[in-house]
**Student:** 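Quick one: structure below, then a few questions.
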Amino acid sequence: STLVRPIVLTAQVGFPCLLAMSLCLLACESIVMAEEPSKPEKSHKSARIGIGSLDSRYELDFEDQFDKGLSEEIWSYRTDIRFSSHQKAENVTVLKDELQIALREEADVAKKTEFSGGGIVSNRLFDYGFFEARIRLPSAGGWHSAFWLMKKERSPDPNEVILEIDICEQDSHNLNRYDVNWHLWKPESRLEHLHKALQVKLQPDRYYNWGAEVSRTHVKYFLDKKLMHTFKMSDEPHGQWQIWLTCIAAELGGSTGVD
């Protein structure tokens, strides 16, 4: 499993925003990984995984508690330009075992952005399993928080498979919904995009457990252990993906700007 301790987005320069992800879990399912299910070793179990009835089918594959800071052997920084912000490594820090991402009003004329955000991307590629993150959302509008899976680098190979799985996309101006998505970007012969807006009242001052069970045939999306939606997938290769934990400034989902 993959476990990631709290990611806290602290707003600066007048933005009272906070996104905290306290668990990002990838759990490998023994049914998928072996012909005969093997019992997970108790020493590798984590009481904080919180996947309820799924526990007996998964064993911990990876976790990062951020108790020793942020390891650049495990994570890379998101440093691109997207929508209204440029992403900076300097915005990502670890404080009291929490990964904190500062959201700033910070204009950059050359980059044509007015804000800066940030995030981290796992260096490792992952396969099918159960992923979970414990998240506290920003309170001010205009920030797009996401816990998602996708391979970062693309090759020239036209047959390469690039799949994006959005376990949680939340636009902070509207705490009455979040979105889940499934985007097959490559190969072009298999392009497919699935989307579902999930109506639920969220609070910016508490943590929520977002999770997804990813298999060859489906993606099941969970919120606080409750199944929220399922996308069925064709039983074809889906490639591999990295874990992204990010927040950017974006006028999405009806947002009219950053508060």
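Count residues from 1 along the sequence.
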**Student:** Would you check if the side chain of Asn123 reaches a backbone N or O of Glu73 as a donor-acceptor pair within less than 3.5 Å?
**Tutor:**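 Checked: pair present.
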**Student:** Between Ser122 (side chain) and Gln242 (backbone), is there a donor-acceptor pair under 3.5 Å?
**Tutor:**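 Side chain of Ser122 to backbone of Gln242: no pair is present.
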**Student:** Counting distance only, does the side-chain N/O of Asp166 pair as donor-acceptor with the main-chain N or O of Glu169 below 3.5 Å?
**Tutor:**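 No; zero donor-acceptor contacts below 3.5 Å.
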**Student:** Would a distance-only check, ignoring hydrogens and angles, find a side-chain to backbone donor-acceptor pair under 3.5 Å from Thr113 to Ser85?
**Tutor:**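 Absent.
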**Student:** So, the side chain of His144 versus the backbone of Cys247: is there a donor-acceptor pair under 3.5 Å, distance only?
**Tutor:**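 Looks like no, no N/O pair under 3.5 Å.
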**Student:** Would Phe222 and Phe130 count as a ring pair (Phe, Tyr, Trp, His ring centres under 6.0 Å) here? Give the steps.
**Tutor:** CA-CA 10 Å; Phe222 295 84; Phe130 188 93; 5.7 Å; yes
**Student:** When clusters are formed by joining ILVMFWY residues with side-chain heavy atoms under 4.5 Å apart, either directly or through shared neighbours, do Leu149 and Ile74 land in the same one?
**Tutor:**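 They do share one cluster, since a chain of ILVMFWY contacts under 4.5 Å joins Leu149 to Ile74.
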**Student:** When you look at CZ of Arg82, are more than 12 heavy atoms from neighbouring residues, nucleotides or ligands closer to it than 6.0 Å?
**Tutor:**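 Atom CZ in Arg82 is not packed in, count stays at 12 or less.
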**Student:** Verify, without hydrogens or angle tests, whether Asp171 (side chain) and His173 (backbone) share a donor-acceptor contact under 3.5 angstrom.
**Tutor:**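 Judged by distance alone, no pair lies under 3.5 Å.
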**Student:** Mind running salt bridge (Lys or Arg N to Asp or Glu O under 4.0 Å) on Lys151 and Glu164 for me, showing each step along the way?
**Tutor:** CA-CA 8 Å; Lys151 186 179 178 182; Glu164 176 184 344; over 6 Å; no
**Student:** With no hydrogens and no angle check, do the side chains of Ser116 and Asn91 hold a donor and an acceptor under 3.5 Å apart?
**Tutor:**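 Side-chain D/A pair, Ser116 to Asn91: present.
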**Student:** Apply the test side-chain contact (heavy atoms from CB on, under 4.5 Å) to residues Val214 and Trp241: give CA-CA distance (whole Å), side-chain angles for both, the deciding distance (0.1 Å), then the verdict.
**Tutor:** CA-CA 11 Å; Val214 183; Trp241 36 80; 3.7 Å; yes
**Student:** Determine yes or no for a side-chain-to-main-chain donor-acceptor pair under 3.5 angstrom, with Gln170 supplying the side chain and Arg177 the backbone.
**Tutor:**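 Here the side-chain-to-backbone pair exists.
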**Student:** Does any N or O in the side chain of Trp75 come within less than 3.5 Å of the main-chain N or O of Leu70, such that one atom is a donor and the other an acceptor?
**Tutor:**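 Between the backbone of Leu70 and the side chain of Trp75 there is no qualifying donor-acceptor contact (under 3.5 Å).
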**Student:** Under a plain distance cut-off of 3.5 Å, with no hydrogens placed, do Ser155 and Glu160 share a side-chain donor-acceptor pair?
**Tutor:**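 Yes, side-chain donor-acceptor contact under 3.5 Å.
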**Student:** Using the ring pair (Phe, Tyr, Trp, His ring centres under 6.0 Å) criterion, which residues pair with Phe231? Sequence neighbours excluded.
**Tutor:**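 Listed in chain order: Tyr221, His229.
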**Student:** Using a cut-off of 6.0 Å, state whether more than 12 heavy atoms not belonging to Glu72 lie near its atom CD.
**Tutor:**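 No, CD of Glu72 has 12 or fewer neighbouring heavy atoms, counting only those of other groups under 6.0 Å.
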**Student:** Are the side chain of Asn209 and the backbone N or O of Leu223 linked by a donor-acceptor pair below 3.5 Å?
**Tutor:**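 Side chain of Asn209 to backbone of Leu223: no pair is present.
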**Student:** Let's go through Val180 and Met228 carefully: what are the C-alpha distance in whole Å and the side-chain angles of both, what is the deciding distance for side-chain contact (heavy atoms from CB on, under 4.5 Å) to 0.1 Å, and is it a yes or a no?
**Tutor:** CA-CA 10 Å; Val180 296; Met228 302 295 291; over 6 Å; no
**Student:** Assigning hydrophobic clusters by single linkage (Ile, Leu, Val, Met, Phe, Trp, Tyr; side-chain heavy-atom cutoff under 4.5 Å), is Ile81 placed with Trp143?
**Tutor:**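 Each belongs to a different hydrophobic cluster.
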**Student:** With a 4.5 Å cut-off on side-chain heavy-atom distances among I, L, V, M, F, W and Y, is there a chain of contacts connecting Ile243 to Leu125?
**Tutor:**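 Different clusters: Ile243 never reaches Leu125 through Ile, Leu, Val, Met, Phe, Trp or Tyr contacts under 4.5 Å.
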**Student:** Between Tyr178 and Gln199, is any side-chain donor less than 3.5 angstrom from a side-chain acceptor?
**Tutor:**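 Absent: no donor and acceptor within the cut-off.
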**Student:** Output, in order, the C-alpha distance, side-chain angles, deciding distance and verdict of side-chain contact (heavy atoms from CB on, under 4.5 Å) for Phe115 and Leu103.
**Tutor:** CA-CA 7 Å; Phe115 307 94; Leu103 310 176; over 6 Å; no
**Student:** Looking at Arg206 and Asp224, does any basic side-chain N land under 4.0 Å from a carboxylate oxygen?
**Tutor:**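 Yes.
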**Student:** Can you name the residues that form a ring pair (Phe, Tyr, Trp, His ring centres under 6.0 Å) with Trp182, not counting sequence neighbours?
**Tutor:**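 Residues passing ring pair (Phe, Tyr, Trp, His ring centres under 6.0 Å) with Trp182: none at all.
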**Student:** Please check if atom NZ in Lys226 has more than 12 non-hydrogen atoms from other residues, nucleotides or ligands closer than 6.0 Å.
**Tutor:**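 Counting other residues, nucleotides and ligands, NZ of Lys226 stays at 12 neighbours or fewer.
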**Student:** Taking atom NZ as the centre, does Lys196 end up with more than 12 heavy-atom neighbours from other residues, nucleotides or ligands that are less than 6.0 angstrom away?
**Tutor:**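 Counting other residues, nucleotides and ligands, NZ of Lys196 stays at 12 neighbours or fewer.
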**Student:** Evaluate side-chain contact (heavy atoms from CB on, under 4.5 Å) for Phe126 paired with Gln240, printing each intermediate quantity in order.
**Tutor:** CA-CA 6 Å; Phe126 294 94; Gln240 294 180 305; over 6 Å; no
**Student:** Counting N and O atoms only, with roles assigned by atom type, does the side chain of Lys186 sit under 3.5 Å from a partner on the main chain of Asp157, one being a donor and the other an acceptor?
**Tutor:**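 Such a contact is found between Lys186 side chain and Asp157 backbone.
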**Student:** If we count only N and O atoms by modelled type, under 3.5 Å, do the side chains of His195 and Asp179 hold a donor and an acceptor together?
**Tutor:**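 Indeed, the side chains of His195 and Asp179 share at least one donor-acceptor pair under 3.5 Å.
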